[in-house]
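Just so it is clear: chains get the letters A, B, ... in the order the sequence lines come, proteins before strands, and each one is counted from 1.
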Amino acid sequence: MSWLVVDMLFKDFIRICMRIGSTSSITEKKNIVATYLKELERSEWKPFILFLVGKPIPDSIEGGLGVGYSTIMKALKNPIKPLFPSNPLTLNDVFNELIKIAYIRGKDSSKRKFEALASLMGRMSREERIWLSKIILGELRIGLVDGHLLGALSNVLGLSLEDIRRAYLLRGDLGDVVDVALKGVEALRNVPPRLFSPIRPMLATPASSIAEAYNMIGGGEAAVEVKYDGARVQIHIKNGRVKIFSRRLTDVTYSLPDVVEIVRNGVSVDEAILEGEVVAYERGSGKPLPFQTLMKRFKRIYNIEEAMELIPLKIHLFEIIYLNGKLLIDTPYSDRYDLLVERVSEELLANRIVTSNIREAESFYKRALDYGHEGVMVKRLNSPYILGVRGKHWIKVKSKETLDLVIVGAEWGHGRRSSWLSDYYLAVYDPNSGEYLVVGKTFKGLTDEEFQYMTKRLLELKVKDEGFRIWVKPEIVVEVDFNEIQKSPKYKSGLALRLARITRIREDKSPEEAATLEELYQLYERQFEKKGKVI
DNA sequence: TTTGTCTGCCCC
DNA sequence: ATTCTGC
DNA sequence: GCAGAATGGGCAGACAAA
């Protein structure tokens with residue numbers, strides 16, 4: 001029988017991608033995937049599924065592929081042709097080569113990774129090279145995500161979607177789920193509960209005011225919780241052993257021994273999965289330190305002791321998802337919170353109130369901002385913990401600031417924005433020198449129509465063309481929202497805006513009326529009334 | 001040794 | 001992370 | 001109402017190049 005089976009060729013896989021990309025119906029996409037899964041050897045399932053969602057290798061390979069945009073561009077330009085013509089590449093050929101590339105480490109690894117990639121590309125047609133690049137960059141853009149693949153898997157294997165979904169949410173890795181699902185229903189159901197394997201976190205939806213947030217959750221009583229400007233973490237505990245995962249499920253335990261210690265001392269459970277926000281605080285003043293200072297701690301593996309001294313951390317817990325063998329995702333939030341409070345010492349909990357009074361919620365929000373925090377979360381009391389989904393149970397309200405800035409340059413967009421200038425350099429005015437100094441870039445806030453208009457106007461103002469980027473006469477003023485001013489190692493102005501987005505085009509303002517460098521510096525300094533100094 | 005470039009399912 | 005758009 | 005696309009600043013680490 002097996003001599004009749006032909007391994008799938010990479011070029012045929014590309015055809016399938018194109019078919020999936022050209023239909024907008026999700027059902028149809030799933031059907032196509034299911035059809036091919038049935039025809040494939042089991043050994044091909046993993047590459048097939050991973051490639052379809054734009055993953056070149058399984059997440060479980062630590063350190064990732066180590067190939068990005070630069071290396072790909074170089075390899076695309078300089079493919080290394082094989083000495084002898086070789087057979088067309090199969091899906092598994094490509095997958096195995098990519099895994100080999102991932103395991104290239106140490107001295108000259110950049111060069112060796114490049115050579116391996118260029119050799120692989122040398123065996124490919126132009127089309128295959130392009131699609132391989134898309135897979136590596138995770139930019140297939142055929143409208144398939146992990147969730148769709150789960151549906152197709154369930155369909156083909158005759159396993160319930162619920163079982164598959166549960167395993168996925170608890171594993172957090174599609175490749176793992178394929179492996180487990182292939183072992184059958186028993187293996188699938190036995191995946192959880194398992195500690196030290198992170199699960200996909202529940203996400204929040206933004207709102208622009210407390211009133212709007214209350215509206216979105218349907219009114220009534222809600223928890224209003226401080227939203228700290230830190231990094232979200234998931235903490236797994238079993239009999240004193242602690243592991244900490246980041247929001248994207250990276251294991252960050254090693255960098256955070258102080259947080260581990262805080263958890264050991266402040267949490268009394270045998271087994272649990274908790275969630276919270278890790279925040280840096282200034283010693284002495286107790287003010288929260290800026291996010292960029294926290295990041296100096298986050299993925300550090302050298303000089304940790306020293307960094308701990310300089311940048312002390314705290315944890316603010318707000319969730320318990322698992323307790324002593326029981327998953328709590330279907331337990332209502334208020335009950336979960338009770339379980340959390342019973343087991344955690346008070347100073348480790350995120351500050352919160354429960355109220356149906358919007359005035360009271362607003363004043364709590366204001367107080368949170370006064371203490372230098374980012375905002376609040378408004379949470380529906382009876383909501384389950386919905387894994388990996390941005391729903392309307394958790395609403396975030398964050399503070400923002402606004403400035404008028406001048407566009408001094410722009411870059412051509414990609415994909416659906418490829419015919420527009422879609423990424424703009426924003427500058428402040430310096431009356432002393434007459435110069436406009438860049439303080440950030442943004443591609444957010446304009447509608448398609450506005451992009452078209454802006455492209456036309458910017459081209460009229462062009463003073464220098466660098467191909468992918470143009471520089472323009474400073475003339476167009478835009479109103480820009482942003483969350484924070486950061487110290488910049490990149491821009492000459494020394495400052496950069498965090499999360500800048502355009503809110504409107506100020507046709508009524510001249511560039512000299514835009515914000516000045518001095519104003520921006522004053523705003524920057526003012527941030528330290530509430531926050532600790534950048535280290 | 002120092003400085004620069006690239007990468008990261010990075011963090012936000 | 002935020003925003004707009006297509007389904 | 002949701003998912004997808006298009007992209008921001010800055011950080012540490014791993015190598016490469018000067």
Side-chain angles (χ1 to χ4, degrees), chain A residues 24-26 50 53-61 63-72 74 105-114 137-148 172-175 200 203 205-206 216 229-233 246-250 252 255 277-278 290-303 307 374 389-392 396 398 400 411 413-418 420 422-426 439-451 480-491 495-503 534:
Chain A
S24 56
S25 152
I26 288 172
L50 289 176
V53 291
K55 293 174 209 265
I57 55 168
D59 289 343
S60 49
I61 297 182
L65 187 62
V67 167
Y69 184 79
S70 270
T71 313
I72 285 173
K74 214 159 42 142
R105 307 279 161 91
K107 181 140 177 56
D108 294 327
S109 63
S110 303
K111 199 182 292 168
R112 280 151 54 220
K113 277 175 194 274
F114 158 73
L137 294 172
E139 293 175 349
L140 241 55
R141 306 199 199 295
I142 55 172
L144 265 190
V145 290
D146 291 17
H148 301 145
D173 180 278
L174 193 58
R200 309 192 85 85
L203 306 172
T205 303
M216 285 164 80
D229 190 9
R232 184 164 172 186
V233 291
S246 69
R247 194 184 104 116
R248 298 293 264 268
L249 313 183
T250 306
V252 291
S255 305
E277 190 86 357
V278 169
F291 180 74
Q292 70 185 132
T293 305
L294 169 70
M295 290 327 281
K296 288 174 189 281
R297 283 292 317 273
F298 226 66
K299 283 167 296 175
R300 179 175 289 276
I301 55 175
Y302 303 115
N303 306 112
E374 192 178 38
V389 170
R390 197 175 295 282
K392 50 195 171 339
K396 56 178 160 188
K398 295 166 65 164
K400 62 174 176 64
E411 289 176 10
H414 299 272
R416 69 186 305 278
R417 294 191 181 180
S418 46
W420 304 325
S422 81
D423 199 2
Y424 306 121
Y425 286 83
L426 305 168
V439 294
K441 274 166 90 187
T442 187
F443 57 94
K444 297 182 193 108
L446 297 193
T447 62
D448 287 6
E449 207 180 336
E450 287 169 320
F451 275 123
V480 174
D481 277 3
F482 58 94
N483 286 46
E484 193 186 23
I485 303 164
Q486 301 188 138
K487 189 161 96 172
S488 174
K490 183 156 102 181
Y491 294 119
L495 298 177
L497 304 181
R498 180 177 173 203
L499 305 175
R501 59 267 188 190
I502 294 172
T503 48
V534 176

Test salt bridge (Lys or Arg N to Asp or Glu O under 4.0 Å) applied to A:Arg416 - qualifying residues, sequence neighbours left out = A:Asp448
Partners passing side chain to side chain donor-acceptor pair (under 3.5 Å) against A:Tyr491 (at least two apart in sequence or in another chain) | none
All side chain to side chain donor-acceptor pair (under 3.5 Å) counterparts of A:Thr205, not counting sequence neighbours = none
With sequence neighbours excluded, what pairs up with A:Asp59 under the side chain to side chain donor-acceptor pair (under 3.5 Å) test?
-> none
Rounded to the nearest Å, what distance is computed from the CD1 atom of residue A:Ile61 to the P atom of nucleotide B:dC9?
-> 11 Å
Pick base, sugar-phosphate or nothing for A:Asp59, based on heavy-atom distances below 4.0 Å to the nucleic acid.
-> base
Could you tell me the separation between the CZ atom of A:Arg498 and the C1' atom of D:dG9, rounded to a whole number of Å?
-> 9 Å
Please name all residues satisfying salt bridge (Lys or Arg N to Asp or Glu O under 4.0 Å) with A:Glu484, sequence neighbours left out, ordered by chain then number.
-> A:Arg498, A:Lys531
When the distance from NZ of A:Lys113 to C1' of B:dG8 is rounded to whole Å, what number comes out?
-> 12 Å
Between CZ of A:Phe482 and P of D:dG10 the distance, given in whole Å, is 14 Å
Syn/anti state of B:dC9 by chi, 90° boundary around 0 = syn
Between A:His414 and A:Glu139, is a side-chain contact (heavy atoms from CB on, under 4.5 Å) present by the stated rule, with each step listed?
-> CA-CA 11 Å; A:His414 299 272; A:Glu139 293 175 349; over 6 Å; no
Counting side-chain heavy atoms from C-beta on, which of D:dG9, D:dG4, B:dC12 comes nearest to A:Tyr491?
-> D:dG9
Between A:Trp420 (CH2) and D:dA5 (P), how many Å, whole number?
-> 15 Å
Any side-chain N or O of A:His148 less than 4.0 Å from the OP1 or OP2 oxygen of D:dG4?
-> yes
Annotated protein contacts, base or backbone, on nucleotides 2-7 of chain C with a non-hydrogen cut-off under 4.0 Å, one of B, S, - each = BSSSS-
Where DNA chain D forms stems, i.e. three or more consecutive Watson-Crick or G-U pairs with both distances under 3.5 Å = B:1-8 with D:11-18, B:10-12 with D:8-10, C:1-7 with D:1-7
Between A:Ala231 and A:Leu294, which heavy-atom pair has the shortest distance, and what is it?
-> N-CD2, 3.6 Å
For A:Glu450, enumerate each residue passing the side chain to side chain donor-acceptor pair (under 3.5 Å) test, keeping only those at least two apart in sequence or located in another chain.
-> A:Thr447
How would you list, by chain and number, every residue that makes a salt bridge (Lys or Arg N to Asp or Glu O under 4.0 Å) with A:Lys111, sequence neighbours excluded?
-> none
To the nearest angstrom, how far is A:Gln292 atom CD from B:dC11 atom P?
-> 17 Å
Starting at the 5' end of DNA chain D and moving along, which residue's nearest nucleotide shows up first, A:Ala496 or A:Thr205?
-> A:Thr205
Across the strands shown, which category fits A:Ala500 at heavy-atom distances under 4.0 angstrom: base, sugar-phosphate, nothing?
-> nothing
For B:dG8 and D:dG10, measure between their C1' atoms and round to the nearest Å.
-> 13 Å
For A:Lys398, all residues meeting salt bridge (Lys or Arg N to Asp or Glu O under 4.0 Å), sequence neighbours excluded = A:Glu374
For A:Gly138, answer base if it contacts any base atom (sugar-phosphate contacts may also be present), sugar-phosphate if it contacts only those atoms, and nothing otherwise; contact means non-hydrogen atoms under 4.0 Å.
-> nothing
Which part of the nucleic acid, if any, lies within reach of A:Ser255 when heavy atoms closer than 4.0 Å are counted: base, sugar-phosphate only, or nothing?
-> nothing
A:Glu374 CD to B:dC11 C1': how many Å, rounded?
-> 12 Å
Please state the C1' separation for the pair D:dC15 and B:dC9 - nearest whole angstrom.
-> 22 Å
N/O (side chain, A:Ser70) to phosphate O (OP1/OP2, B:dT5) under 4.0 Å | no
Would you give a per-nucleotide map of nucleotides 12-18 of chain D, 5' to 3', where B means the base has a protein non-hydrogen atom under 4.0 Å away, S means only the sugar-phosphate does, and - means neither?
-> SSSSS--
DNA chain D: A:Lys490 or A:Leu144, which has the more 5' nearest nucleotide?
-> A:Leu144
Starting from P on D:dG8, measure out to OH on A:Tyr425 and report it in whole angstrom.
-> 8 Å
Backbone N or O of A:Ala500 within a donor-acceptor pair of the A:Thr442 side chain at under 3.5 Å?
-> yes
Could you give me the CA-CA distance, side-chain angles and deciding distance for A:Leu497 and A:Ile485, then say whether side-chain contact (heavy atoms from CB on, under 4.5 Å) is met?
-> CA-CA 5 Å; A:Leu497 304 181; A:Ile485 303 164; 4.1 Å; yes
Choosing from B:dC11, D:dG9, B:dC6, which nucleotide comes nearest the side chain of A:Ser246?
-> B:dC11
Not counting sequence neighbours, which residues clear ring-ring contact (aromatic ring centres under 6.0 Å, His included) with A:Phe114? List them please.
-> none
When you get a sec, tell me which of B:dG8, D:dG8, C:dA1 is the closest nucleotide to the side chain of A:Arg247?
-> C:dA1
Using a 4.0 Å heavy-atom cut-off across all strands, classify A:Gly413 as base, sugar-phosphate, or nothing.
-> sugar-phosphate
